[in-house]
Chemist: 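Structure in structure tokens, see below.
Letters go in sequence order (proteins before strands), and every chain restarts at 1.
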Amino acid sequence: MTDRRLRNTWITWIIAIALLALLPIILGGSYILHLLIISCIWIILAQGLNIILGYTGLLSLGQGGMFGIGAYVSALLAVKLGWSFWITMPLATTATALLGFIIGYPVLRTRGIYFAMVTLGLGVILSEIFNNWIGVTRGPMGIGDIPYPTPINLGFTSIAFDSKITYYYLVLAALILVMVVTYRIAKTTLGRALIAIKEDEVLAGTFGIFPPKFKIIAFTVCSAFSGLAGCLYAHYITFISPESFGVMASIDALVIVVVGSAGMVLGPALGTIILILVPEALRFASEYRMLVYAVILGVVIMYMPQGLGCSIGRLASKIVSGRRVANAYIGTSGSNQNLRGANGS
Amino acid sequence: MPILELQGVTKTFGGLTAVNELSFEVQKGDILGLIGPNGAGKTTVFNLITRHLNCTGGKVIFQGHDITNVRMDKIISFGIARTFQGSRIFRNLTVLEAMLTACYSKRKTGLILDLLNSARAKNEMQQHTEHAIEILKFIGLEERKNDQAGNLPYAHQSLVGIGMALVAEPQLLLLDEPIAGMNPQETLETMELIRKINGRGITVLLVEHNMTAVMGVCNRIVVMNYGEKIVEGTPGEIMEHPAVIDAYLGSGFDARAS
């Protein structure tokens, strides 16, 4: 039973990845590819927020600023020092993680609304730095001509990243990495500790979970994801300016996480699909796009306050357990245990 | 040697003295009752032992270790677990998940190995799950393991709290009003459970207002009032003691008349 379930999980993963890899071929078109790349980057950014908000229960509004740090560090190293993307990407991710680690120390002493305010302040400060440290960031003029990732030479052939399709596979690889890391966190002691802190910090402490330690870990992981997203964004768009990394970016990430379901590994992906792809699909009626966006938001918040992912999950488990009940009556695979489990849920 | 020793423990909140120069000992294998009128400082004593509050003065000694200044999250690895008043549990988790979360302090594999899905981590997880199921059987909640903890009836939530404490395999268990809100049948069952917990070699320190339960289950009782210990003794001695009757019913009350 467990073996079969394990194999099924693997098959599901492989099918999902294969589908994602084939997506540009199925859908085609440069514009679709652009949307897919941007979506992947947003999912990575939102996944960072999901770790700190969905799992640890802390509302961070500094996500946009951390996104910017990743973008600026990578862009500056590439443009001013001419370093290869394959060096700047890990460096930018590490630098953002480090910043999160250092800032986390004082910031994570606050909680609830105060944490939200402090991180909002952090986002604003970072955005002001991007705007005003003209000697380094060139201020509102932004940094242009950011190089595409250096081609990888495999001997017989080399993979260049100047086309959208190769860049899509690059961000897809990054996205899969981020998803796997999040999935592992969610499934293991670390995730359980984070959820315990979200549920009840004092109770978590009673059982040996030291909240400050785990909050720092969560904030560092959150920052690393944001930095990675920023770096991928910078080398894709090839031009960055402060306005992409302001408070609005933080709010967008927040909306994605909330709509998709905070505290679910697939939440940010769902949120991105709904909030980025659906409005884009309605481009033919462009004057109604913002209306559609608003209606989606309103409906989700009113009727699915725990987010879309949660509602879909509940529906799916209802269907599955319904089938289990039927099986139990027919006596195919069901046992008394199954029946009880189904009634309980 | 006593398993737990309080030496002149004092706690003041501003000008209010909640616990004043309190000293008592808990012997290994005891079921010690800590009773007293509302506001006597019983829960504060628990919070001082498990380091949810800092002592203003005095010492708490557990198995020869001075734990007066130990960090709150380290207490459980010394072997002290507790429950909270009003069954404070992880309400949004399933019963089994809550129990597994409470296993945290028993973990021997590092977080990184766990993230990498190492065989050792898997093995440990398996052991923890088996242990959690065993404890759930022990407290009689095995069938509820997949239910959301916060949706259980009140009495069962209280049991989940006890189960979470037990799964950490403590030597000393502090129970803060485990019987509050239970019907007579559930009260009897919980008393029996406390005896069974004691039978596993776990020393129990019990705060409870239900006198029948306290008198029935404890082998020794400490009575507090206004943050001070007024009497200590066996249930029989306590029931007859004039100072106790005084504290509970007021002075000038004739116990035999009631």
Side-chain angles (χ1 to χ4, degrees), chain A residues 2 6 9-10 51 54-55 57 177 180-218 220-221 262-264 306 310 314 317 320-321 324 336-345, chain B residues 46-47 50-52 71-78 80-84 88-95 97-107 109-118 121-122 124-126 128 143-152 161 164-165 167-168 170 174:
Chain A
T2 333
L6 198 70
T9 322
W10 272 105
I51 298 268
Y55 287 96
L177 178 73
V180 169
V181 170
T182 313
Y183 179 77
R184 288 305 304 164
I185 289 176
K187 283 281 161 205
T188 56
T189 316
L190 179 53
R192 205 170 292 124
L194 297 182
I195 292 171
I197 290 167
K198 175 168 95 167
E199 285 279 304
D200 188 330
E201 242 178 77
V202 174
L203 198 55
T206 308
F207 287 103
I209 299 164
F210 185 49
K213 174 181 159 189
F214 286 95
K215 287 182 182 178
I216 291 263
I217 293 176
T220 307
V221 173
M264 268 182 82
Q306 290 188 304
C310 233
R314 216 172 286 146
S317 80
V320 170
S321 67
R324 247 196 248 152
N336 206 7
Q337 185 65 41
N338 273 343
L339 188 60
R340 210 181 291 139
N343 288 343
S345 65
Chain B
F46 269 26
N47 285 337
T50 55
R51 300 285 300 118
H52 288 76
R71 213 168 64 193
M72 185 233 280
D73 59 289
K74 302 275 186 208
I75 286 293
I76 191 115
S77 41
F78 277 86
I80 306 178
R82 70 172 290 181
T83 66
F84 289 86
R88 189 167 179 181
I89 52 174
F90 296 119
R91 308 186 68 82
N92 292 318
L93 303 187
T94 68
V95 172
E97 282 168 352
M99 302 285 284
L100 289 175
T101 306
C103 283
Y104 179 84
S105 62
K106 297 201 305 165
R107 194 181 46 94
T109 323
L111 291 173
I112 302 287
L113 273 181
D114 199 5
L115 280 182
L116 294 176
N117 206 8
S118 76
K122 263 189 207 165
E124 197 174 69
M125 181 70 201
Q126 185 66 31
H128 285 179
E143 294 185 0
R144 298 302 203 107
K145 67 175 189 238
N146 291 323
D147 290 1
Q148 196 185 320
N151 288 346
L152 295 182
M164 281 165 59
V167 89
L174 312 184

Chemist: If I measure from the heavy atoms of chain A, does B:Ile80 come under 4.5 Å with its side chain, its backbone, both, or neither?
Modeler: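 Neither part; nothing is under 4.5 Å.
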
Chemist: Atom CE of B:Met72 and atom CZ of A:Phe207: how far apart are they, to the nearest 0.5 Å?
Modeler: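 These two atoms lie 12.0 Å from each other.
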
Chemist: In Å and rounded to the nearest 0.5 Å, what is the CE to CZ distance from B:Met125 to A:Arg192?
Modeler: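 These two atoms lie 4.0 Å from each other.
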
Chemist: In terms of heavy-atom pairs under 4.5 Å with chain B, which of A:Ile195, A:Ile209, A:Leu190 leads?
Modeler: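 Of A:Ile195, A:Ile209, A:Leu190, A:Ile209 has the most heavy-atom pairs under 4.5 Å with chain B.
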
Chemist: At a heavy-atom separation under 4.5 Å, does B:Thr101 approach chain A through its side chain, its backbone, both, or neither?
Modeler: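 The answer is both parts of B:Thr101.
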
Chemist: Measure the CD-CG distance between A:Glu201 and B:Asp73 for me, rounded to the nearest 0.5 Å.
Modeler: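 If we round to the nearest 0.5 Å, A:Glu201:CD and B:Asp73:CG are 11.5 Å apart.
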
Chemist: Which region of B:Glu97, side chain (C-beta onward) or backbone (N, CA, C, O), has a non-hydrogen atom less than 4.5 Å from a non-hydrogen atom of chain A, or is it both or neither?
Modeler: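 For B:Glu97, the backbone is the part near chain A, not the side chain.
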
Chemist: Can you tell which part of B:Arg88 gets under 4.5 Å to a heavy atom of chain A, answering side chain, backbone, both or neither?
Modeler: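 Both backbone and side chain of B:Arg88 come within 4.5 Å of chain A.
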
Chemist: Where on B:Met164 is there a heavy atom nearer than 4.5 Å to chain A: the side chain, the backbone, both, or neither?
Modeler: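 Interface part for B:Met164: both.
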
Chemist: Counting only heavy atoms not in B:Lys106, do more than 12 sit closer than 6.0 Å to its NZ atom?
Modeler: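 Yes, enclosed.
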
Chemist: Using every non-hydrogen atom in the two residues, find where B:Phe90 and A:Asp200 come nearest and quote the distance to one decimal.
Modeler: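 Where B:Phe90 meets A:Asp200 most closely, the heavy atoms are CE2-O, 4.0 Å.
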
Chemist: Closest approach of B:Asp114 and A:Arg184, non-hydrogen atoms and distance?
Modeler: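 In terms of heavy atoms, the two residues are closest at O-NH2, 3.1 Å.
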
Chemist: For B:Leu111, run the side-chain contact (heavy atoms from CB on, under 4.5 Å) check against A:Ile185, A:Thr189, A:Thr188 and tell me which one passes.
Modeler: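 Exactly one option meets the side-chain contact (heavy atoms from CB on, under 4.5 Å) with B:Leu111, and it is A:Thr189.
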
Chemist: What pair of heavy atoms forms the shortest contact from A:Thr206 to B:Phe84, and how long is it?
Modeler: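 Looking at all heavy atoms of both residues, the closest pair is OG1-CZ, 3.4 Å.
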
Chemist: Between A:Gly191, A:Gly205, A:Ala204, which residue shows the highest count of heavy-atom pairs closer than 4.5 Å to chain B?
Modeler: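 Going by pairs under 4.5 Å, I would pick A:Gly205.
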
Chemist: Report which part of B:Arg71 has an atom under 4.5 Å of a heavy atom belonging to chain A: side chain, backbone, both, or neither.
Modeler: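 Just its side chain gets close to chain A.
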
